[in-house]
Protein chains: 2
Amino acid sequence: MADKICIKKKCFSPDVIKRLSLYLRNLRKIRKENITVISSAKIIEFLNVSAEQFRKDLSYFGGFGKRGVGYKVEKLIKEIEAILGINKKWPIALIGAGKLGTALLKFEGFSKLNSRITCAFDSDKGKIGKIINGIKIEDIKSLGKIIKEKEIKIAIITAPPEKAQGIVDELVCLKIRGILNFAPVILKIPDGIFISNVDMACELESLLFFVKHKDGLVMTETKAQ
Amino acid sequence: MADKICIKKKCFSPDVIKRLSLYLRNLRKIRKENITVISSAKIIEFLNVSAEQFRKDLSYFGGFGKRGVGYKVEKLIKEIEAILGINKKWPIALIGAGKLGTALLKFEGFSKLNSRITCAFDSDKGKIGKIINGIKIEDIKSLGKIIKEKEIKIAIITAPPEKAQGIVDELVCLKIRGILNFAPVILKIPDGIFISNVDMACELESLLFFVKHKDGLVMTETKAQ
DNA sequence: TATACTTTGTGAAAATAGTAACAAAGTAGG
DNA sequence: CCTACTTTGTTACTATTTTCACAAAGTATA
């Protein structure tokens with residue numbers, strides 16, 4: 001990881017943020033069980049993270065617990081939501097209504113987030129006009145118009161790899177601020193715009209390595225999470 | 001990253017493997033352009049990796065280049081394929097034929113890999129029997145029988161989070177060796193079985209952080225890839 | 001063959017991330 | 001209010017990962 005984030009003179013890795021998202025999901029599960037106060041040791045019980053790391057991750061943003069007691073579940077949820085920026089609703093555009101795009105439009109996993117996909121685009125005449133999960137697929141030609149209208153700052157790219165860079169260039173002009181990229185290419189973006197790549201083929205390929213070498217390799221800790 | 005892989009006394013991180021997969025994809029693109037020999041500096045040109053890191057990643061497995069010349073594209077592709085275990089075909093089972101599962105069955109990104117999804121399972125009567133992209137959705141009850149028959153060692157989990165752990169436990173009994181998990185839960189697995197988590201909701205949530213803090217945070221390198 | 005240039009492979013150094021240890025702060029019970 | 005116990009927040013330490021620097025090996029040209 002080459003990047004480093006500094007906030008109020010404290011520096012930390014982007015992985016800290018991903019773990020915060022993980023903690024948040026777990027805390028919501030804990031809340032459902034009507035637990036109101038909980039220790040760091042209990043919070044991380046089913047996550048592959050140590051209690052020390054959990055506390056350290058939080059410490060970059062402040063002290064949210066009480067010594068000798070633990071953390072108030074409800075309060076901590078609110079705090080992490082605020083850190084992540086989830087308390088604000090960010091409308092999201094999906095670009096590429098192919099198989100994966102359609103699945104994401106219907107995906108239950110996103111529906112639990114405050115932010116939702118609010119519009120979708122494709123260049124295929126056969127797809128334009130279709131309504132999936134209540135969202136109409138728009139012509140990619142109206143991307144600029146709609147993104148400005150709806151003040152969209154986040155985009156999900158599920159377009160084919162050869163089209164992805166062109167789309168990103170257009171999005172950059174439209175002042176988009178964050179991109180979740182599913183296209184299997186590394187995209188060039190200027191400073192100040194953030195991109196997160198989900199590369200399913202890479203994940204699967206690297207998994208094959210571990211399976212292939214199972215017997216030949218030694219691991220200090222065995223779970224390759 | 002807590003894990004470490006040791007092979008022939010050399011130790012490296014699992015990230016090395018993911019990068020190898022990335023290099024492989026790029027090399028295939030380079031091959032299409034009829035380039036036969038290339039330097040490390042050129043290979044990484046459109047990847048967010050330094051030439052030194054590329055060479056070091058390869059060095060864990062051997063010396064594949066020629067000093068003063070570079071790397072033979074075709075040969076290097078073959079070598080990386082061999083390292084990753086891609087030259088062997090691994091049949092893959094998909095468990096959970098919901099929206100995401102269906103998308104993965106149709107997903108073009110996987111079709112370029114040697115390994116393919118060869119069977120799919122669901123517990124929903126409405127889905128069982130359907131044929132998606134040539135693959136018939138089987139009853140989850142016949143999981144054990146079919147996995148043994150087809151000698152499947154790799155599984156993709158796209159089941160809902162509350163069912164995922166139960167499925168994993170069953171897969172473990174069936175001697176599965178690698179799992180690609182899309183369910184938003186951390187799954188418990190015994191030593192010797194490998195799991196790779198793709199957590200799309202976490203990715204999106206962490207992206208919101210960067211967008212929210214855009215102006216307030218300082219990054220040593222700006223791309224959050 | 002000698003010289004200038006290119007590029008790999010790798011050990012050493014620097015940067016980063018994760019772990020451990022512990023003081024500080026709180027609770028509980030007599 | 002004193003003692004024993006709990007749990008956080010943070011500093012110091014350890015391990016890992018990445019970058020740097022350069023020798024080794026090759027090419028090309030005169």
Side-chain angles (χ1 to χ4, degrees), chain A residues 1-6 8-20 22-23 35-45 47-73 75-76 79-80 218-221 223-225, chain B residues 1-20 22-23 35-45 47-73 75-76 79 218-221 223-225:
Chain A
M1 190 72 52
D3 318 301
K4 191 175 58 174
I5 306 157
C6 304
K8 291 176 193 166
K9 299 228 170 143
K10 293 190 175 186
C11 296
F12 52 90
S13 122
D15 285 359
V16 171
I17 304 304
K18 284 197 191 163
R19 285 195 296 267
L20 285 184
L22 203 63
Y23 304 147
I35 294 162
T36 54
V37 177
I38 194 167
S39 71
S40 58
K42 282 281 171 191
I43 291 175
I44 56 84
E45 204 174 343
L47 308 176
N48 283 318
V49 177
S50 69
E52 292 77 14
Q53 185 154 67
F54 169 83
R55 296 202 301 272
K56 187 155 209 200
D57 286 346
L58 282 182
S59 80
Y60 294 118
F61 304 95
F64 304 114
K66 212 175 210 174
R67 295 175 188 210
V69 183
Y71 300 84
K72 285 189 182 176
V73 174
K75 187 191 158 207
L76 191 52
E79 295 283 8
I80 297 178
V218 182
M219 303 183 84
T220 48
E221 283 188 55
K223 277 157 284 168
Q225 305 229 353
Chain B
M1 191 69 54
D3 317 301
K4 190 175 62 176
I5 305 157
C6 303
I7 224 167
K8 290 177 194 165
K9 299 226 172 149
K10 294 192 176 187
C11 296
F12 52 91
S13 124
D15 284 359
V16 171
I17 304 303
K18 285 197 190 162
R19 285 196 296 265
L20 285 183
L22 204 63
Y23 304 148
I35 295 162
T36 55
V37 177
I38 194 167
S39 70
S40 58
K42 282 281 172 192
I43 291 174
I44 55 83
E45 204 174 345
L47 308 177
N48 284 318
V49 177
S50 70
E52 293 78 14
Q53 185 154 65
F54 169 83
R55 296 203 302 272
K56 186 138 225 200
D57 286 346
L58 283 181
S59 79
Y60 294 118
F61 304 94
F64 304 114
K66 212 174 208 174
R67 295 175 188 214
V69 182
Y71 299 85
K72 285 190 180 177
V73 174
K75 187 190 159 211
L76 190 52
E79 296 283 8
V218 183
M219 303 183 85
T220 48
E221 283 189 58
K223 278 158 282 167
Q225 304 228 353

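So you know, we letter chains A, B, ... as the sequences are listed, proteins then strands, and number each from 1.
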Please state how far atom [atom1] in [X] lies from atom [atom2] in [N], giving the value in whole angstrom units.
X: A:D15; N: D:dT16; atom1: CG; atom2: C1'; result: 13 Å
X: A:F12; N: C:dT19; atom1: CZ; atom2: P; result: 18 Å
X: A:Q53; N: D:dT8; atom1: CD; atom2: C1'; result: 16 Å
X: A:N48; N: C:dT19; atom1: CG; atom2: C1'; result: 16 Å
X: A:D57; N: C:dA17; atom1: CG; atom2: P; result: 11 Å

If a protein heavy atom is under 4.0 Å from the base, mark B; if only from the sugar-phosphate, S; if neither, -; do that for nucleotides 3-8 of chain C going 5' to 3'.
---BBB

Flag the pair [X] / [Y] as yes when at least one side-chain heavy-atom distance between them is below 4.5 Å, and no otherwise.
X: B:V16; Y: B:I5; answer: no
X: A:I80; Y: A:L58; answer: yes
X: B:Y71; Y: B:R55; answer: yes
X: B:I38; Y: B:L76; answer: no

Go through the steps to decide whether A:F12 and A:I17 satisfy the test side chain to side chain contact (heavy atoms under 4.5 Å, CB included), and finish with yes or no.
CA-CA 9 Å; A:F12 52 90; A:I17 304 304; 3.7 Å; yes

Taking the minimum atom-to-atom distance to the side chain of B:Y60, which one of C:dG9, D:dC20, D:dT18 wins?
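For the B:Y60 side chain, the nearest candidate turns out to be D:dT18.
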
Distance test, side-chain N/O of B:S13 to OP1/OP2 of D:dT17, below 4.0 Å
yes

Let's test your reading of the model: under 3.5 Å, does the base of C:dT19 pair with the side chain of A:K56 as donor and acceptor?
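Pair found.
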
Given side chain to side chain contact (heavy atoms under 4.5 Å, CB included), test A:F54 with A:D57 step by step and report yes or no.
CA-CA 5 Å; A:F54 169 83; A:D57 286 346; 5.7 Å; no

